[in-house]
Structure formats: C-alpha cells, structure tokens
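These notes concern the structure reproduced below.
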There are 2 protein chains.
Amino acid sequence: MMRSVPIGEAARQSGVKVPTIRYYEHIGLLPAPKRSEGNRRHYETSDLRRLAFIRHSRELGFDIEAIRTLLTLQDNPSQPCATADTIAQARLADVVQRIRSLTALKAELELMVEGCRHGKVGECRVIEVLADHSQCEHARH
Amino acid sequence: MMRSVPIGEAARQSGVKVPTIRYYEHIGLLPAPKRSEGNRRHYETSDLRRLAFIRHSRELGFDIEAIRTLLTLQDNPSQPCATADTIAQARLADVVQRIRSLTALKAELELMVEGCRHGKVGECRVIEVLADHSQCEHARH
DNA sequence: GCTTGCTCCTCTAGTCGCTAGAGAATGTAG
DNA sequence: CTACATTCTCTAGCGACTAGAGGAGCAAGC
C-alpha cells in the first residue's frame, strides 16, 4: 500500500486540478500536507478523502464557505446535524429556483429562435425581442 | 418631452444600476453620452433604448461579448441575421444543458435532505453522501 | 447668502473560484 | 549525463460587476 502520493497523483485520483488543490490549501480548506526533502507535497489517504468530499460538494454547487462548515461538521461527528441539513436545504431551494428561472428563459429563447425567419437583421425576431422586453409576456424574468 | 436624463434617472428607467451603467460605458458597450457643464452624463432616448436592450440580454444570460455582437447587428439592419440566430441558439443549448444538470442535482439534494434523520453528524446522510460519491448512482454528475 | 442633503464625479480595490504563466528547482528514464 | 516531466512559489487575470474613498455640483429651504 502506498503511504502518500504527490500532488499530481492526488489530482488524478480526486479529479481536482493541481493548482486548485494548492488553492484549497492556500485558503485553508485543505490542511497543508507533509513535504518531502525536496519540498514537495505528499498526501495521505485522509487528505484524499477530504479532497473527494470537497470535489463532490463543489459538484453539487456548495460554495466554499458552506464546504468549510460541512467539513468542520464532518470532523465533529457527535454534534447535531441540523446545520448540515440547513445548508443542504438552502442549496436545494436555490437549485429549484434556478431551474424555475432557467425554464422561463428556455421558453423565451425558443420563441425567439423559432420566430426567426432567417432574413435580414432588420426583421429578425431575435433582435426585436431583445430590444423590446414587453414582447415577452408569458414568462416574467 | 424631456430631452435627456441624468444617470440616476437612466438607472431608474432601465433597471440597470448606476455603477453598472458607468461600467458598460467603460468597456465600450454603451457610447459615452454628452456631459453637462458640471461634467454630468446626460442620456438621450436612444441611449435608454440601448440600455434596455443590454439589460434584457443580460437577463436572458447572454454574455457581454455576445451582447456586443448583437448590438452591432442591431445597428446594421440590412445584414443577414444568421449570426444573431446562432448566438441565440447557442444560448438556448446552454440553458437546456444547465437545466438538465440542475435537475440531476436537485434529485441528489432531495435524497440527501430526505435521508437526514436529524440526529448527530456521525449518522447524517447529508455528510455521508458528500463524503462518498458512489452513493449517488442514479444521477451522474 | 448659507447650509443641508442628495446626486454625481473619478479612481482603486474587492468579490468568487479558480486559471494561466513566469521562472526556478527537483525527480526520473534512457 | 541529458532530456523531460513534475513540482515549487509567486503574481496576475478572468467575468461582470460591487463597494468605498474622497470630492464636486446642484436644488430647496431659511
């Protein structure tokens, strides 16, 4: 079993890019790992787990501050998980809201694109709608 | 009829904030308007129309470069509108993709939140799922 | 005239979450 | 021993604003 891996291998295993790993260390999200004689970072399994946690959280759209809190919670398993739940619920509400507004946008854009007769700009529905918001009545944004 | 309005009024009418209007001027998206004796900007109706166009485009999620192109097209009504159509279609494709990925996220987050038994962090489904990506099998992200 | 309070001016720096690049050192394969 | 890859630190840039400092202009009330 390999005890620790250099940053490039950590990047490969976690799917987080090398400069991003260093960035996470810099902002204190990931603890500074031990260094080799030649001053290179070497990551233990626990670091890789933490990195995977961060990556998954980022994929789910949590911001750095939320992840910082979630990591602190993970480090203290005996605490109540209300905070974690609240953070996840807030993120869910945000996602739901975003889907709603993007769905309205989609309808708007479809109308624009369908309405385009592929002629001159002067008669182009795309430009026309952009210039006149009141032409989007059915979807408020 | 009022010939021209100061920046605050332009902001009110367009829904674009004052510093943002100045920013748009700075990056060359909005032409520099005439100034009063006391060096204040005064906007004509044509500027307000352009500002509305920009605002609506931003609401629909077009980036500044796309808007720059769209505005140039609007200024040249005799050109074919293929470019405008392409830009709108690209934006639509992007929106559709985003909705797809957010919908997957939503499912993931719902599972997490529903699974939380509101006990201790050590048994919290939210934290658990974040730590172990393989627990999200049904929705790839 | 004078003061109060609002609007406006320019300029710089900060936000978020990275990403890119310079320039140097270290490690590894042939 | 020589390539070449990987790593190091550090600074600057991205997009689209936003915030704040420090000062000037302007309209209304006294």
Side-chain angles (χ1 to χ4, degrees), chain A residues 2-30 32-43 47 50-51 53-71 87 90-91 94 98 101 105, chain B residues 2 4-30 32-43 47 50-51 53-71 87 90-91 94 98 101 105 141:
Chain A
M2 46 187 171
R3 277 229 120 313
S4 66
V5 295
I7 197 167
E9 183 55 28
R12 238 161 281 131
Q13 284 185 31
S14 65
V16 178
K17 289 181 195 155
V18 169
T20 306
I21 295 176
R22 286 196 278 247
Y23 169 72
Y24 288 158
E25 179 183 329
H26 181 69
I27 62 170
L29 202 60
L30 198 64
K34 283 175 194 145
R35 302 286 185 119
S36 74
E37 278 200 11
N39 198 34
R40 273 120 193 265
R41 292 170 178 84
H42 278 273
Y43 294 93
D47 297 315
R50 204 170 175 93
L51 208 41
F53 186 103
I54 295 170
R55 194 206 166 183
H56 194 197
S57 302
R58 286 295 298 134
E59 277 175 358
L60 291 170
F62 292 99
D63 62 26
I64 301 286
E65 276 323 295
I67 297 173
R68 212 185 281 280
T69 306
L70 291 167
L71 281 168
I87 290 174
R91 178 68 194 134
D94 184 41
R98 255 163 222 269
S101 102
L105 283 199
Chain B
M2 44 184 174
S4 66
V5 296
I7 197 167
E9 184 56 27
R12 239 161 279 131
Q13 284 184 31
S14 66
V16 179
K17 290 181 196 156
V18 169
T20 306
I21 296 177
R22 287 197 277 247
Y23 169 71
Y24 286 159
E25 179 182 328
H26 181 69
I27 62 170
L29 203 60
L30 198 63
K34 284 174 194 147
R35 300 288 183 120
S36 74
E37 277 200 11
N39 197 33
R40 272 120 192 267
R41 292 171 179 83
H42 278 273
Y43 294 93
D47 298 315
R50 204 170 176 90
L51 208 43
F53 186 103
I54 295 169
R55 193 204 168 184
H56 194 196
S57 303
R58 285 297 297 135
E59 278 175 357
L60 291 170
F62 292 100
D63 63 26
I64 300 286
E65 276 323 296
I67 297 173
R68 213 184 280 279
T69 306
L70 291 167
L71 281 168
I87 291 174
R91 177 68 193 135
D94 185 40
R98 254 163 223 269
S101 103
L105 283 198
H141 54 253

**OP:** Tell me which nucleotide among C:dG27, C:dT19, C:dC8 gets nearest to the side chain of A:S36.
**Re:** C:dG27
Original post:
What's the spacing between B:T20 OG1 and B:L51 CG if we round to 0.5 Å?
Top reply: 9.5 Å
Original post:
What nucleic acid atoms does B:F62 come within less than 4.0 Å of, heavy atoms only: base, sugar-phosphate, or nothing?
Top reply: nothing
**OP:** Using the closest heavy atom to pick a nucleotide of DNA chain D for each, name whichever of B:K17 or A:P6 lands nearer the 5' end.
**Re:** A:P6
Original post:
Expressed in angstrom and rounded to an integer, what is the separation of B:E59 atom CD from D:dA16 atom C1'?
Top reply: 15 Å
Subject >> d(CD1, B:I27; P, D:dC14) in whole Å >> reply: 12 Å
**OP:** May I ask you to verify if any side-chain N or O of B:T20 is less than 4.0 angstrom from the OP1 or OP2 atom of D:dT18?
**Re:** yes
**OP:** Grab the NE2-C1' distance between B:H26 and C:dA13 for me, whole Å please.
**Re:** 13 Å
Original post:
What is the distance, rounded to the nearest whole Å, between atom CZ of A:R41 and atom P of D:dC8?
Top reply: 5 Å
Original post:
Base, sugar-phosphate alone, or nothing: which one does B:R58 contact when heavy atoms must sit under 4.0 Å apart?
Top reply: sugar-phosphate
Original post:
Is atom CZ of B:R68 surrounded by more than 12 heavy atoms (other residues, nucleotides or ligands) closer than 6.0 Å?
Top reply: yes
**OP:** Measure the distance from CZ on A:R12 to P on D:dA5 and round it to the nearest whole Å.
**Re:** 13 Å
Original post:
A:I67 has an atom CD1; how far is it from atom C1' of C:dC18, in whole Å?
Top reply: 13 Å
Original post:
Do B:R40 and C:dT7 have a side chain to base donor-acceptor pair shorter than 3.5 Å?
Top reply: yes
Original post:
For C:dG17, does OP1 or OP2 lie under 4.0 Å from any side-chain N or O of A:Y24?
Top reply: no
Subject >> Residues B:R91, B:D94: salt bridge by 4.0 Å N-O rule >> reply: yes
Original post:
Can A:R22 and A:E25 be counted as an ion pair, charged N to O under 4.0 angstrom?
Top reply: no
Original post:
In whole angstroms, how far is the C1' atom of C:dT26 from the CZ atom of A:R35?
Top reply: 13 Å
**OP:** Calculate the interatomic distance between A:N39 atom CG and C:dT26 atom P; express it in whole Å.
**Re:** 9 Å
Original post:
Relative to the 5' end of DNA chain D, which residue comes earlier, B:D63 or B:E37, by the nucleotide with the nearest heavy atom?
Top reply: B:D63
**OP:** Pick base, sugar-phosphate or nothing for A:R22, based on heavy-atom distances below 4.0 Å to the nucleic acid.
**Re:** base
**OP:** State, yes or no, whether a side-chain contact exists between A:S14 and A:R55 at a heavy-atom distance under 4.5 Å.
**Re:** no
